[in-house]
Amino acid sequence: MYVDLIQNAALLVALCALYSLLSRLQQRHELWRKVCLGLLFGGVTIAGMMMPLHYAPGIIFDGRSIVLTLAGLFGGGICAAIAAVLAGAYRAFLGGAGIWAGLATIAVTPFLGLLFRRKADNHPERYGPLSLYGIGIVAHLAMLTCQLLLPWPGGLTVIQNIWLPVMLVFPATTLVIGLLIGNEEQRLVTQRKLAENQELLSKSQAIGNVGSWEYDIAEDTLLWSDQVFRIFGVNPETFAVTYEAFLECVHPDDREAVDSAYTRSVDEGQDGYEIEHRIVRQDTGEIRFVQQRCLHHKDSAGRIVRSIGIVRDITGRKIFETQLRKERDRAQSYLDIAGVMIVALDTRGNILLINKKGCDILGYDAYELIGANWFELCLPERLREEVMGVFCQLMSGNIEPVEYYENPVLTKSGDERIIAFHNTFLHDENSNIIGVLFSGEDITERKKAEEALRRSEQELRVRNEILSVFLTASDEDMYSEVLSVIRKATKSRWGILGYIDENENWVCPSLTRDVWDECQIPAKHIIFPKEKWVGIWGRAMLEKKTFWSNEPFKVPEGHVPITRCIAVPVLYAGQLIGNIVLANKETPYHEADVALVEAIANQIAPILNA
C-alpha cells in the first residue's frame with residue numbers, strides 16, 4: 001500500500017515542471033494562465049486516477065487530494081474550479097462504490113486550498129514548510145472524513161486501514177510539492193516587481209534632469225538627447241555634436257581627466273566608466289557639475305564598438321555637499337576645542353564621529369576610528385561582552401540609559417584609561433533611537449591620586465593601630481595582635497608573624513589559633529630551624545626579599561590549603577630579624593597589598609630588633 005501511494009504521489013513531480021512552464025506566460029494573459037493551470041491541475045488529477053491504489057472494486061485512492069488542495073492554494077478560484085470539474089467528471093465516469101466519497105474529496109480539498117489562500121491574503125508563497133505540512137494534514141483529515149460516505153459500515157473499516165499510510169505520505173508530499181510551487185510563485189512575484197520597477201525607472205528618467213547620449217566608435221558619430229543640449233547650454237540646431245566639441249564644453253581643468261577616463265576604458269576593454277566633472281555652459285559661461293555614466297557594447301570579437309551613457313546635472317548636490325562639508329568642518333572645529341572626548345555611535349556600536357580630544361586619549365588618528373566598532377577596538381576584552389550587551393538593550397529601548405558612569409577604555413598602545421562618561425540618545429524625526437552621543441572626561445590621574453590617598457590613609461591607620469598594640473599589648477600577645485591588624489588590613493584569612501632567635505630559628509608565636517586547630521600535620525610546632533625554611537615563606541627569608549603569588553600551592557597532607565600568599569621578610573640594617581606571611585585572601589593580592597605589608601615590615605623592624 002505504501003509503495004502504491006508513493007508511486008502515485010511521485011506523479012506530482014511532473015506537475016511542478018509543467019507549472020513552471022505555464023507560469024512563464026506573460027502577465028497580460030493572466031486569465032488564460034489561470035485557465036491553463038486549471039487544465040493542468042485537472043489533467044494531473046485524472047492521470048493520478050488512471051493509476052490509483054485499488055483498495056476494493058470501485059474504491060480507489062490516488063493523489064487527487066494533494067493536487068486539488070494545491071490548485072486552490074496556488075491557482076486560485078478559476079484554476080480550482082476547472083480542476084475540480086475535470087476531476088469530478090472523470091471520477092463520476094469511473095463510478096463504483098466509492099463515487100460519493102471521491103466526489104466529496106474533489107469538492108472539499110480545493111475549497112480548503114482556497115481558504116488557506118485567503119488566509120495568506122492571496123500570497124500562498126509566504127507559507128513556510130511547517131505551514132504547508134499543516135495544510136496537508138488538514139486536507140487529508142478532510143479526505144479521510146469523506147470516506148464515511150462509503151457504503152456503511154465499510155467507510156470506518158477503510159479509514160482504519162488507510163489512515164496511517166495516507167497521513168504519512170500525503171501531507172509530506174503536499175509539503176514538498178507546495179515548496180516547489182511556492183518557490184516558482186516567489187520567482188514570479190520577484191519578476192513582476194522587477195518589471196514594475198523597470199517601468200517606474202523609465203518614467204522617472206523621462207521627467208528627471210537626465211540626458212542620454214550614444215557614441216558609435218566605428219562611425220565616429222555622437223548623438224545627444226534634447227536634455228543634454230539644455231544641460232550644456234547649446235542650441236541643438238547650430239551645435240555640431242562631435243566628441244571634440246563635447247570636450248570643448250568640459251572645464252579646461254577637467255578636460256584631460258574626462259578624455260582619459262573614456263579612452264582608457266575603451267583601450268582596456270572595460271564594461272564602462274563613471275566620472276564627475278565640471279562643464280562651462282556655452283550660453284552663459286556658468287560653471288556647473290555633471291555626472292557621466294557610460295556602458296560599452298562589444299561585438300562578437302569582444303571589441304568595443306558603441307558606447308551609451310547618461311549625463312546628469314549635479315550642481316545642486318555639489319553646492320549642498322560643499323555647504324555641508326563647511327558646516328561639518330565648523331562643527332568639528334567646535335568639538336576639537338572641547339576639553340573632553342566626544343563620540344557618536346550608531347545602533348551597532350560603530351563610531352560615526354569622534355573629536356580630536358578623543359583621538360588624543362585613545363592614541364589613534366581619526367581615520368583609524370571612524371567606522372570601527374567602539375566595543376571591539378576601544379574597550380578592554382574583559383568588559384566587551386558585558387558592555388555590548390547593555391548597549392544592545394539600550395538601543396532596543398528595553399532599559400533606561402545611565403546618564404553618568406565610569407569605565408576604562410583601551411588605548412592603541414594597550415594602556416587603560418579611566419573615563420567618566422555622560423550619555424544621551426540620538427533620535428530620528430520619528431523619535432526612533434538611531435545611536436548614542438557621549439562625552440568622556442579622562443579621570444585616570446584623578447583616580448590614581450584618589451587611590452594613592454586612600455592607600456596612604458589606610459597605611460597611616462594601620463601604622464597607628466600597630467603602634468597602639470606595641471604600647472598596650474603584653475609581649476606574649478604582641479605578635480598575635482599585630483598580625484591581627486595586618487590580616488584585617490589585607491583581608492587575609494591566615495597569617496604568621498615570627499622573629500629570628502639567637503640560633504637563627506624562625507619562631508612564630510603568632511600562629512593563629514584557627515590555623516593551629518585546623519592544621520592536621522603531626523608534631524606541629526612554632527619553631528622552624530633554618531634548614532627547614534622551604535616554600536615561599538622560606539625563600540623570602542633566605543633571599544631577603546618579598547615573594548607573592550595568586551596561584552594555589554602544593555602543601556603537605558594535613559596542611560591547611562593555601563590558595564594565595566604573600567611573604568615579606570622583616571629586615572633591620574640589612575639583617576633578617578623576622579618574617580610576615582599572609583594567605584588566602586578571597587580576591588587576588590595586588591601590588592597595593594604588597595606595598596602595605598612591606599611598609600608595615602619597615603615600621604615594626606626597629607621595634608622587633610630592640
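Values below: every heavy atom of this structure, side chains too, minus hydrogens, waters and symmetry copies.
- Aromatic ring centres of F232 and W224 lie closer together than 6.0 Å.
- For the residue pair E274/Q291, the side-chain donor-acceptor check at 3.5 Å is satisfied.
- Side-chain atoms of W533 come within 3.5 Å of backbone atoms of F528 as a donor-acceptor pair (strictly under, hydrogens ignored).
- Using a distance-only test at 3.5 Å, with no hydrogens or angles considered, a donor-acceptor pair links the side chain of R255 to the main chain of V250.
- Shown are I536, V568, I566; of these, the side-chain contact (heavy atoms from CB on, under 4.5 Å) with F547 is made only by I536.
- Classified by interplanar angle (parallel below 30°, tilted 30° to 60°, perpendicular above 60°), the ring pair Y243/F246 is tilted.
- Evaluation of the side chain to side chain donor-acceptor pair (under 3.5 Å) test over residues 566-588, restricted to residues two or more places apart or in two chains, returns T563-N584, K585-D593.
- S307 and H296 share a donor-acceptor pair across their side chains, judged by distance under 3.5 Å alone.
- Residues Q458 and R455 bring no donor and acceptor atom of their side chains to less than 3.5 Å of each other.
- For residues 430-440, no pair satisfies salt bridge (charged side-chain N to carboxylate O under 4.0 Å, His left out), with sequence neighbours left out.
- One distance of note links CG of L571 with CG of N602; it measures 8.0 Å at 0.5 Å rounding.
- For the pair N355 (side chain) and I342 (backbone), a donor-acceptor distance under 3.5 Å is present.
- Between the side chain of N183 and the main chain of L179, a donor-acceptor pair closer than 3.5 Å is present.
- Checking side-chain atoms of S492 against main-chain N and O of W494 turns up no donor-acceptor pair under 3.5 Å.
- Annotation: salt bridge (charged side-chain N to carboxylate O under 4.0 Å, His left out) contacts involving residues 367-382, sequence neighbours excluded, comprise E368-K412, R382-E416.
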